[in-house]
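What follows is one structure encoded as structure tokens, with my remarks underneath.
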Amino acid sequence: MIEFRLNGNCGVSPYQQIVQQVKSALRLGRLRVGDQLPTVKEVVGKVAINPNTVLKAYRELEHEGLVAARPGIGTFVVNTFDETTYAAQRTLRRSLEVWIEKARRAGLDDESIEALFVDTFLFAPKELVR
Amino acid sequence: MIRFAWRQFRLQVLVVSGLLVAVAVVLLITGPHMAHLFGELKNCKSKNDCSFLTTAIGTSNSDIDNFMTATNLVFPAIIGIFWGAPLFARELETGTYRLAWSQGVTRSKWIGCKLAVVGVASMVAAGLMGWMLTWWSSPIDTVNANRFGTQIYDTHYIVPIGYAAFAFAVGVAAGVLWRRTLPAMATTLVVFVAARITFAQKLRPDLLSPVKLVSKLSRAGGYGFEQTPNGLHFIVGAENLPNALVFNAVVKGKHGARVTSQWLQTNCPKLLIHVSPVGGRTGVGIKGNGAPKAFSECVDKIAANFHQVLTYQPASRFWPFQWIEGSIFLGAGVALCAFSYWWLRRRVA
Amino acid sequence: MSSALAAIDLGKRYGRKWALSKCTLDIPAGRVVGLVGPNGAGKTTLLHLAVGLLRPSTGSITVLDQVPACSAQQLGRIGFVAQDTPVYAGLSVAAHLQMGAALNASWDMQIAERRISDLGLDPKQHAGRLSGGQRAQLALTLAIAKRPSLLLLDEPVASLDPLARREFLAILMDVVAEHNVSVILSSHLVADLERVCDHLVVLAASRVQVNGDIDDLLSTHHRLVGPRRDLDNLPDTVHVVEASHTDRQTTVTVRSVDPILDPVWSVEPLTMEDLVLAYMGQAEQQRRDLVRLKGGT
């Protein structure tokens with residue numbers, strides 16, 4: 001089961017944070033088809049958030065076809081992003097870890113590493129070169 | 001709501017109940033002995049025995065009697081200070097009125113209930129206190145035969161209930177106006193004491209128009225002469241009517257004439273010879289041979305020409321007075337409570 | 001949809017000072033409403049008017065479509081937690097629950113007792129010995145156990161430490177999720193409100209500055225940044241909330257239903273905090289203008 005956390009000062013609304021957290025969990029394989037999302041009451045009791053906000057986020061995910069609500073039981077993941085990438089993810093994560101290690105050794109601090117990654121990512125070609 | 005009003009009020013009830021129980025214990029220990037003496041007094045044979053028993057009853061428990069009288073006199077003030085003043089002042093002071101008035105009970109009912117519960121409790125407590133003292137001190141009261149005196153009138157029967165209702169209401173009103181407990185308590189004490197003294201001294205004697213008794217000069221009240229810078233004066237003491245409230249005795253002649261010093265000069269020349277200023281100041285001193293004779297001759301002459309007018313409230317008016325004074329204080333208390341009720345509903349908004 | 005709170009031209013005056021004036025509001029039921037504003041803006045006055053602790057000097061107010069405190073039944077539908085969460089210091093926690101049971105027809109003792117035991121409070125403990133957080137929780141329990149349709153909370157978390165604050169809000173949201181109760185919550189902690197509220201009322205200088213569902217407000221408010229220029233040539237549909245100028249640059253917070261298409265402006269979205277601050281700034285600016293106007297004549 002996924003656990004949500006809210007960041008108060010990031011300029012992203014609580015509802016968007018929940019949607020993003022579910023999506024990233026789906027992408028990284030932490031949530032899979034058939035998994036249940038925490039009930040609204042569980043989320044509310046943990047992170048002190050308006051239940052309507054959670055409902056709205058779940059509705060948005062439902063609208064995107066990622067989850068489905070089963071009345072009286074809960075909300076379940078019915079679809080996810082390309083599962084075939086999970087295997088590739090493992091090797092990619094490994095090479096990224098190696099890259100980070102290299103960067104540290106070269107004397108970059110955490111912020112510089114993040115900036116370098118984001119900058120490279122933003123200016124990299126958007127389309128896959130075939 | 002009534003149960004909750006009691007619950008909030010529990011500590012104060014316990015304290016005052018404790019006081020009542022302590023008083024009851026003291027009175028129960030000392031009461032039977034006095035009742036026994038009183039029983040003997042009723043059956044006493046010789047004059048000596050009777051006067052001995054009378055003195056014994058009058059003095060044996062005088063300390064306790066004085067203490068109980070004092071307790072009874074301040075008891076309504078205690079009620080006003082500790083029951084009346086904090087009743088709403090504490091809620092307003094600590095802000096708990098915001099909790100109370102947002103419960104599922106209308107403000108009117110909440111205020112009315114508290115006023116009724118604690119107000120009636122005040123009267124019951126004062127009534128009980130007065131009744132205990134009445135029972136205990138009845139032998140002393142009979143012997144002293146002074147029902148209009150403070151020891152009896154102000155602490156027995158009905159008026160203490162009226163006083164308690166009034167003191168409670170003064171406390172409540174002071175509390176809602178001040179909105180703070182301590183100043184409300186102080187105000188209650190001052191207003192209650194002032195009201196009691198003013199009433200007892202200024203209003204009580206005239207509650208019913210006094211009775212005038214015109215009689216021959218009698219020796220019961222005692223009389224004499226007084227030398228003043230303006231001349232000699234005849235003075236007469238008020239007669240001691242049992243259980244009556246006697247104000248004064250005046251000596252008057254035809255057409256309202258008074259015994260003036262001129263009259264004495266004309267009619268009692270012999271007496272004047274014997275009168276001399278004592279120490280050069282006012283006072284009475286009748287000296288020399290023949291003085292007693294001159295004195296009684298003069299008194300006889302006065303008695304022949306003047307009569308005595310006694311102003312008093314007769315003993316039979318004790319109960320009407322109790323009812324009237326009790327009702328006035330109770331009425332004032334009810335009016336003050338009505339004011340507090342209105343103020344809390346309209347002005348504290 | 002029925003309204004949780006509706007006010008028309010509502011005003012409250014103390015002597016010559018208006019604590020709240022010309023307040024016209026309609027808050028639909030089923031929302032969690034954040035009532036925001038600086039201290040002394042009239043938040044407490046508005047809430048006290050809504051509970052019936054105060055009577056209006058002008059205008060009218062209805063709560064759940066009834067006049068506040070008009071009957072015991074009406075009072076029973078409102079749960080109120082006053083500022084500083086007053087409780088009876090001399091009464092035990094259990095006695096408070098008995099009070100609630102005695103004074104409220106719809107009282108649910110099970111809810112109350114379960115919540116007290118969840119909180120780990122000793123029922124025999126005197127309320128005067130509770131910590132600030134525990135006292136706030138007791139006051140909330142009293143308000144919740146009467147099963148209200150509307151909860152009014154006046155700065156309930158202002159005096160609590162962050163942990164107690166989070167716990168308090170979590171329980172409050174739990175109640176909202178479970179019992180479908182409307183909530184009006186005053187606070188000046190915008191970060192907390194952003195989590196728990198879906199409707200916002202900004203009160204400043206004893207007036208309502210803005211009132212609406214937060215999603216609507218955020219989608220219709222924008223921050224425009226551009227070269228320094230006059231604001232007169234903005235379209236009529238654009239309402240300027242706040243503007244500031246430097247030598248070269250103009251920053252302006254606007255409300256507009258239509259998107260801003262003028263390429264001169266770069267358009268940025270607003271956070272809830274930006275929004276609240278913009279409206280509070282607007283009120284402050286109006287107040288200063290008024291003072292200057294009075295001083296000039």
Side-chain angles (χ1 to χ4, degrees), chain A residues 1-25 35-64 66-76 118-119 122-123, chain C residues 28-34 115 118-119 137 140 151 156-157 160 162-185 187 189-200 213-219 221 223 268-275:
Chain A
M1 177 106 49
I2 184 175
E3 226 174 61
F4 296 113
R5 66 218 167 269
L6 287 191
N7 187 344
N9 307 317
C10 65
V12 181
S13 75
Y15 131 80
Q16 282 167 326
Q17 288 187 43
I18 289 185
V19 171
Q20 284 174 2
Q21 281 171 32
V22 170
K23 282 186 177 170
S24 98
D35 283 352
Q36 187 179 3
L37 294 183
T39 64
V40 172
K41 238 178 97 53
E42 281 165 353
V43 179
V44 156
K46 279 245 170 65
V47 293
I49 185 180
N50 188 314
N52 293 333
T53 306
V54 184
L55 275 175
K56 194 174 144 199
Y58 282 12
R59 265 202 305 272
E60 164 101 20
L61 291 165
E62 206 175 342
H63 188 72
E64 291 184 26
L66 294 171
V67 304
R70 292 194 214 144
I73 305 172
T75 306
F76 293 84
V118 171
D119 197 59
L122 284 177
F123 289 96
Chain C
R31 305 296 155 94
V32 179
V33 181
R115 276 186 41 75
D118 284 354
L119 292 165
Q137 293 284 13
L140 181 64
L151 269 173
V157 296
L160 304 187
L163 188 67
R165 201 158 73 212
R166 180 58 51 83
E167 229 170 87
F168 184 95
L169 292 175
I171 286 170
L172 180 64
M173 287 304 103
D174 194 51
V175 172
V176 170
E178 194 168 351
H179 299 295
N180 194 29
V181 52
S182 309
V183 178
I184 300 178
L185 171 73
S187 180
L189 299 164
V190 179
D192 283 338
L193 293 181
E194 189 162 20
R195 284 168 167 261
V196 301
C197 298
D198 45 27
H199 191 101
L200 181 72
D213 278 350
I214 290 172
D215 288 344
D216 294 345
L217 293 178
L218 290 181
S219 65
H221 284 77
R223 179 184 289 135
E268 297 172 4
L270 286 179
T271 65
M272 186 163 135
E273 186 157 11
D274 296 333
L275 190 77

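So that the names make sense, note that chain A is the first sequence line, chain B the second, and so on, each numbered from 1.
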Is there a donor-acceptor contact under 3.5 Å from the side chain of [X] to the main chain of [Y]?
X: A/H63; Y: A/R59; value: no
X: C/D274; Y: C/T271; value: yes
X: C/E194; Y: C/A191; value: no

Heavy-atom pairs under 4.5 Å with chain C, option from A/P14, A/P51, A/A48 with the top count: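 Looking at each option in turn, the highest pair count goes to A/A48.
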Among A/V43, A/T53, A/N50, residue most engaged with chain C (heavy-atom pairs, under 4.5 Å): A/N50
Closest non-hydrogen atom pair between C/L160 and C/R165, with its separation: O-NH1, 3.8 Å
Heavy-atom contact with chain C under 4.5 Å, split by part of A/V47: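 Interface part for A/V47: both.
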Heavy-atom pairs under 4.5 Å with chain A, option from C/A177, C/C197, C/A170 with the top count: C/A170
Basic-acidic side-chain contact under 4.0 Å: A/K56, C/D198: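 Between C/D198 and A/K56 there is no salt bridge, as every charged N stays at least 4.0 Å from the carboxylate O atoms.
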Side chain, backbone, both or neither of C/D215 within contact of chain A (heavy atoms, under 4.5 Å): side chain
